[in-house]
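The structure under discussion appears below in the form of structure tokens.
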Amino acid sequence: MKPLSRRTLLLAMTAAASSVGHGALRAQGKYPSRPVQLIHGFGAGGNADVVARLVAQKLQDALGQPVVVDIKSGAGGAIATGYVAKAAPDGYNLVMLTGAHTVSAALRKNLGYDAVKDFAFISTVSSFPFVIAVRAEHPAKSLAQLIEMSKQRAVSFTSVGVGSTQHMVGELLGASSSGQFLHVPYRGGGAPVQAVIGGEVDLLCDTLTVAVPHIQSGRLRALAVTSAEAWPTLPGVPPAAASLPGFEVRSWLGIAAPAGTPEAIVQRLGSEVRTVLARADVQKSLANLGSVAAPSTPEAMKDMVQKEIARWKDVIARRGIQVE
């Protein structure tokens with residue numbers, strides 16, 4: 001048998017590479033061929049959970065496969081995020097990131113993953129402020145009164161966990177006012193708001209999704225919203241900037257996959273998410289939750305994450321919070 005010529009070998013290698021490439025494209029073209037998990041790290045009924053379920057319901061219609069929301073709560077969302085960072089990069093394990101993703105990156109040295117490099121960002125989903133509220137019987141009738149109170153004694157505030165954006169809202173209040181604000185973290189879900197209503201903690205810094213029903217029922221008194229201006233779904237509630245000029249916190253939700261996820265899958269998911277967010281019914285549902293739809297490109301989401309990490313590092317340094 002004669003040895004193959006150099007030209008024949010090169011042609012054979014080219015054909016094989018082409019076959020592999022077309023095979024990969026065909027495999028990606030079949031995506032998804034089984035259920036997709038959308039994982040988040042916060043309690044049932046919280047903002048991340050409600051929005052994840054809204055988006056999953058609409059997304060599964062577009063993808064033609066179930067999109068199942070799975071909760072892996074704890075560590076300010078870092079347990080869920082770490083799980084997805086280490087998952088197979090095949091598009092079947094996605095994470096609903098929150099603003100806590102950037103807080104954790106600023107606060108913790110040993111997360112076990114890189115908050116930027118270990119993810120393929122797909123699109124932001126929503127943007128929203130927080131509401132600062134006290135129980136109905138609390139003596140503070142305004143944010144200005146609460147700040148004055150905090151200069152006489154420590155004012156306790158809740159969050160859904162150390163490293164959450166709610167945690168940073170309270171710390172930023174302290175940094176901006178020179179008041180004494182004491183963090184009392186809870187695991188998530190409805191625990192923080194119940195602690196404030198029950199008088200265990202002074203102050204709630206949380207999403208409108210969680211707080212508004214209790215404000216409407218009269219069990220909570222809203223003192224301020226953290227948007228630069230008054231928020232449409234809380235008319236009559238002033239922005240925190242009215243008492244603390246320049247104060248503004250707008251958080252976000254967004255979807256990411258593990259780094260290394262094929263570009264075709266990232267682009268497909270991004271396109272479908274943006275289509276879902278353009279729907280009038282989805283925008284209305286988000287507005288009812290105190291949010292606005294905020295679709296983005298993968299590049300814009302990555303840039304935003306990097307800038308938010310830098311911002312929270314500054315707050316942590318100003319408050320003298322120990323980096324773990």
Side-chain angles (χ1 to χ4, degrees), residues 32 34-57 59-60 66-128 159-168 185-192 206-207 209-210 251-261 265-266 269-270 273 289 291 294 298 301-302 304-305 308-309 312 324:
R34 53 188 170 88
V36 175
Q37 283 197 110
L38 179 55
I39 297 163
H40 72 80
F42 297 90
N47 191 55
D49 185 54
V50 174
V51 175
R53 294 182 191 282
L54 170 66
V55 172
Q57 180 185 13
L59 198 56
Q60 67 184 13
V67 178
V68 181
V69 175
D70 186 18
I71 298 174
K72 297 185 185 297
S73 62
I79 291 174
T81 307
Y83 176 88
V84 173
K86 294 174 175 61
D90 55 11
Y92 290 97
N93 285 287
L94 310 177
V95 61
M96 179 67 83
L97 297 176
T98 74
H101 181 68
T102 57
V103 175
S104 292
L107 189 61
R108 297 186 174 123
K109 293 179 181 178
N110 300 307
L111 278 172
Y113 59 84
D114 187 290
V116 177
K117 295 178 182 178
D118 287 344
F119 297 91
F121 298 103
I122 293 169
S123 174
T124 46
V125 170
S126 63
S127 175
F128 52 90
S159 81
V160 294
V162 174
S164 63
T165 315
Q166 289 92 326
H167 174 198
M168 288 295 106
Y186 286 79
R187 190 170 179 83
D206 217 323
T207 62
T209 306
V210 170
S251 195
W252 54 275
L253 296 174
I255 298 176
T261 300
I265 291 177
V266 171
L269 288 168
V273 169
L289 295 170
S291 304
M301 183 176 175
K302 179 180 179 180
M304 181 272 294
V305 166
E308 284 289 285
I309 291 171
W312 293 125
E324 301 175 7

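Throughout, residue positions are numbered sequentially from 1 according to the sequence presented. Computation of the quantities below employed the complete heavy-atom set of this structure, encompassing side-chain atoms and omitting hydrogens, waters and symmetry-equivalent molecules.
- Between L111 and A78 the shortest heavy-atom distance is CD2-CB, 4.1 Å.
- We find the CG-NE2 distance between N47 and H40 to be 10.0 Å, quoted to the nearest 0.5 Å.
- Residues passing the side chain to side chain donor-acceptor pair (under 3.5 Å) test with T261, sequence neighbours excluded: none.
- The distance from the CZ atom of R108 to the CG atom of N110 is 11.0 Å, given to the nearest 0.5 Å.
- For the pair G46 and V210, the tightest heavy-atom approach, listed with the atom from each and the gap, is CA-CG2, 4.3 Å.
- Residues T165 and W252 are not in side-chain contact: their nearest non-hydrogen atoms beyond the backbone lie 4.5 Å or more apart.
- In plain terms, the two heavy atoms of A259 and P89 that are nearest each other are O-CB, 3.5 Å.
- Within the structure, ring pair (Phe, Tyr, Trp, His ring centres under 6.0 Å) pairs that include any residue of residues 69-100 comprise Y31-Y92 (at least two apart or interchain).
- Separation of atoms CD (E308) and CE (M168) is listed at 12.0 Å; rounding is to 0.5 Å.
- Q60 is not listed as a side-chain neighbour of L38, based on a closest heavy-atom distance of 4.5 Å or more.
- With rounding to the nearest 0.5 Å, the separation of OG1 in T124 from CG in L253 is 9.5 Å.
- Counting non-hydrogen atoms of neighbouring residues, nucleotides and ligands closer than 6.0 angstrom, the NZ atom of K302 reaches no more than 12 such neighbours.
- Note that the CD1 atom of I309 and the CG atom of L107 stand 12.0 Å from one another [nearest 0.5 Å].
- Closest approach of L97 to A256, counting heavy atoms only: CD1-CB, 3.8 Å.
- With contacts defined as side-chain heavy-atom distances shorter than 4.5 Å, the pair I79/S73 does not qualify.
- Put simply, CE on M96 and OG1 on T81 are 12.0 Å apart, with the number rounded to the nearest 0.5 Å.
- Considering only heavy atoms from C-beta on, I255 stays 4.5 Å or farther from L269 through its side chain.
- The shortest heavy-atom contact between Q166 and T207 is NE2-CG2, 4.2 Å.
- Between Y113 and H101, the ring planes lie parallel to each other; the angle is under 30°, not in the 30° to 60° tilted range.
- Closest heavy-atom contact between S164 and V103: O-CG1, 4.0 Å.
- Between F121 and F119, the angle of the ring planes lies from 30° to 60°, which puts this pair in the tilted group.
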